[in-house]
Amino acid sequence: MSDVAILGAGMHPWGKWGRNFVEYGVHAAREALHDAGVHWNDVQFVAGGETVRNGYPGYVAGSTFAQAMGWNGARLASCYAACASGAAAIDAARARILAGLCDVALVVGADTTPKGFLAPSGGERQMDPDWLRFRLLGATNPTYFGLYARRRMALHGSTEADFAAVKVKNAKHGLNNPNARYRKEVSIEDVLKSPMVADPLRLLQICTTSDGGAALVLTSMEYARKNGAKDPVKVTAVSTVTPRFPKTVVDLPDFATDSAAAVAPPELGFRDSIATAAYEEAGIGPEDLDLAEVYDLSTAIELDWYENIGLCKEGEAEKLLHDGDTTIGGKIPVNPSGGLACFGEAVPAQAIAQVCELSWQLRGTATGRQVDGARVGLTINQGLFGHGSSVICVR
Amino acid sequence: MSATKIPAVEGWFTLDDEPRLIGSRCATCGTYFFPKELSFCRNPSCDGTELTETPLSRTGKVWSYTVNHYAPPPPYVAADPFVPFGVAAVELSEERMMILGQTTGHVAVGDDVELIVDTLYTDDKGEHVVWKWARA
Ligand SMILES: [Zn+2]
């Protein structure tokens, strides 16, 4: 048995609130505990997703949240894995529960973000590749998204309008999501008229950065049963795999790929391998999914994910999208929450928020965006510096 | 009048007429690295520790490209007023790897490009230069 129960999920709405990240985290944690019917004093382990933009309290996020909730003696972890930090925190909590070291764990991530592009740490940092890519290349995160999008256009004939249709779909999905930051319909024309950021991607095709907080109460299956949860949503796989050498696609913040001169590239690329590991652990395949929450850092990347998680063959994502298969009501709705398109990215909270959405969808309580009869869902995401992040939940 | 050319980073590229990126290669397994790796080989099946500097191919093929239309934040030193600039990922066939660089002029996927050294920014110390890709 490798399942743990999700007894509670909670969020602080995404936005640009400009307040202390701790406030969002505690708000989300209290919501999750309330949802679970678990008292804070019964939490034995707290896993925090770290934020690197809020000084020391952000680096020790697990402890920061525990102190703000009121010291209760719980043990701690603070996890940093860039965009995958939330999945790393879930992974730590799940492992501790499955090892029998605790029954009740709280996972929390929250962030307060500055305006504009995410920038590296300050100072002269000639040995830090993240600093150097800004200095030498002017390569922002959207620069990499632009490279992937252009590649997709060259390989599969995708158009700007194809990418824009992803935004239109996600904007519609998020309309009634109370935690989403942007709740407004967007047309293809709106997208194509928005300013160009990193060719071929325009402003409305790239996710913004947001403030927000998300939390989950994870427990052992036995604890869940004893506390009256007969049929809880279960986490059945957490894939946090790293790439295999040689990695032949250039990822943030790399200057170059690995060389494949001496060793042939692995059969599966990194993103494919993240999903494959999750499916193997859960003992299911893409055909079993009822929904997916994928990390749409850009509209074009959402299409890449369709293929990486096996919803369709390479080059067929546009067809899947235009056929309405990935819209709520279609065969396999993707990002019913509205995705990053409606949320913006609150880095350490985002992977946790994806799992919050799965748990509400699988319980049938995702009002205004419910995927009918959803029983199996997958989240996927990739953090800078080689962090895989995929969670499969079932009910 | 020619200003002093100052490499924006030390030891990553040469400054001659036919500039080259300076990578490294593992003597045990033959894997290339850029930026150069001189201590340990990163091939997980190789325990090589003898890595030597090696100039990389000057030419390659564009895997993909983009154009930045907004000024990146510091530490990038953006021109004022800002001028959009391209970035390309270029495949080197001999080294079987892809290397990013800014571009001069328009490039498209599949184009043959060559390495040049060009201005990154200029200040009172002189002209700070970096490698870029240009259509061959
Ligand atoms: Zn080697």
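Side-chain atoms are counted along with the backbone in the values below, which use heavy atoms only and exclude waters and symmetry mates. Model, not experiment: these values are computed from the prediction.
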List, one per line, each side-chain donor-acceptor pair under 3.5 Å for residues 100-107 of chain B, sequence neighbours excluded.
from	atom 1	to	atom 2	distance (Å)
Gln102(B)	NE2	Leu137(A)	O	3.1
Gln102(B)	NE2	Tyr76(B)	OH	3.3

Residues Phe245(A), Thr31(B); criterion side chain to side chain contact (heavy atoms under 4.5 Å, CB included); working and verdict: CA-CA 11 Å; Phe245(A) 181 90; Thr31(B) 298; 3.7 Å; yes
Which atoms of Phe145(A) come close to chain B, meaning under 4.5 Å heavy atom to heavy atom: side chain ones, backbone ones, both, or neither? neither
What option among Val197(A), Val250(A), Leu201(A), Thr140(A) has the most heavy-atom pairs under 4.5 Å with chain B? Val197(A)
Closest approach of Val109(B) to Arg150(A) (non-hydrogen atoms, all atoms of both residues): CG2-O, 4.3 Å
Can you tell which part of Leu132(A) gets under 4.5 Å to a heavy atom of chain B, answering side chain, backbone, both or neither? side chain
Is Arg135(A) reaching over with its side chain to a backbone N or O of Pro75(B), donor-acceptor style, under 3.5 angstrom? yes
Is it the case that atom CZ in Phe40(B) sees more than 12 heavy atoms from other parts of the structure closer than 6.0 Å? no
Quick one, Thr66(B) and Tyr144(A) - any side-chain contact, counting heavy atoms below 4.5 Å? no
For Asp16(B), I'd like to know if atom CG has over 12 heavy atoms of other residues, nucleotides or ligands within 6.0 Å. yes
Can you find a heavy atom in the side chain of Pro142(A) that is under 4.5 Å from one in the side chain of Tyr70(B)? no
For the candidates Phe134(A), Trp131(A), Phe255(A), which exhibits the highest count of non-hydrogen atom pairs separated by less than 4.5 Å from chain B? Phe255(A)
Are there more than 12 heavy atoms of other residues, nucleotides or ligands under 6.0 Å from atom CD of Glu18(B)? no
Indicate whether any N or O donor in one side chain lies under 3.5 Å from an N or O acceptor in the other, for Thr143(A) and Asn68(B). yes
Could you tell me whether Arg244(A) atom CZ has more than 12 heavy atoms of other residues or ligands within 6.0 Å of it? no
So, for Ala261(A) and Glu94(B), which heavy atoms are closest and what is the spacing to 0.1 Å? CB-O, 4.3 Å
Proximity breakdown for Pro265(A) and chain B, heavy-atom pairs closer than 4.5 Å: side chain
What is the minimum heavy-atom distance between Gly138(A) and Pro72(B), and which atoms define it? O-CG, 3.4 Å
Could you report the tightest heavy-atom contact between Met196(A) and His69(B), atom names first, then the distance? O-CB, 3.2 Å
Atom group of Ala260(A) that falls short of 4.5 Å from chain B, counting heavy atoms: both
Which side chain to side chain donor-acceptor pair (under 3.5 Å) pairs, counting each pair once, include a residue from residues 245-267 of chain A, with sequence neighbours left out? Tyr148(A)-Asp251(A), Lys247(A)-Asp251(A), Lys247(A)-Asp254(A), Asp251(A)-Gln382(A)
Relative to chain A, which of Ile99(B), Val130(B), Val67(B) shows the most heavy atom pairs under 4.5 Å? Val67(B)
Select one option (side chain, backbone, both, neither) describing which atoms of Pro84(B) are under 4.5 Å from chain A's heavy atoms. neither
Under 4.5 Å from a heavy atom of chain A, the part of Arg42(B) involved: both
Residues, nucleotides or ligands: over 12 heavy atoms within 6.0 Å of Asp17(B) CG: no
Which one of Phe34(B), Trp63(B), Tyr32(B) has the most heavy-atom pairs closer than 4.5 Å to chain A? Trp63(B)
N/O donor-acceptor pair under 3.5 Å between Ser64(B) side chain and Arg151(A) backbone: yes
So for Ala108(B), is it side chain, backbone, both, or neither that comes closer than 4.5 Å to the heavy atoms of chain A? neither
Quick check: closest heavy atoms across Ala8(B) and Leu136(A), and the distance to 0.1 Å? CB-CD2, 3.6 Å
Could you look at Pro73(B) and say if it's the side chain, the backbone, both or neither that has a heavy atom under 4.5 Å from chain A? both
What's the shortest heavy-atom distance between Gly30(B) and Ala262(A), and which atoms? C-CB, 4.2 Å
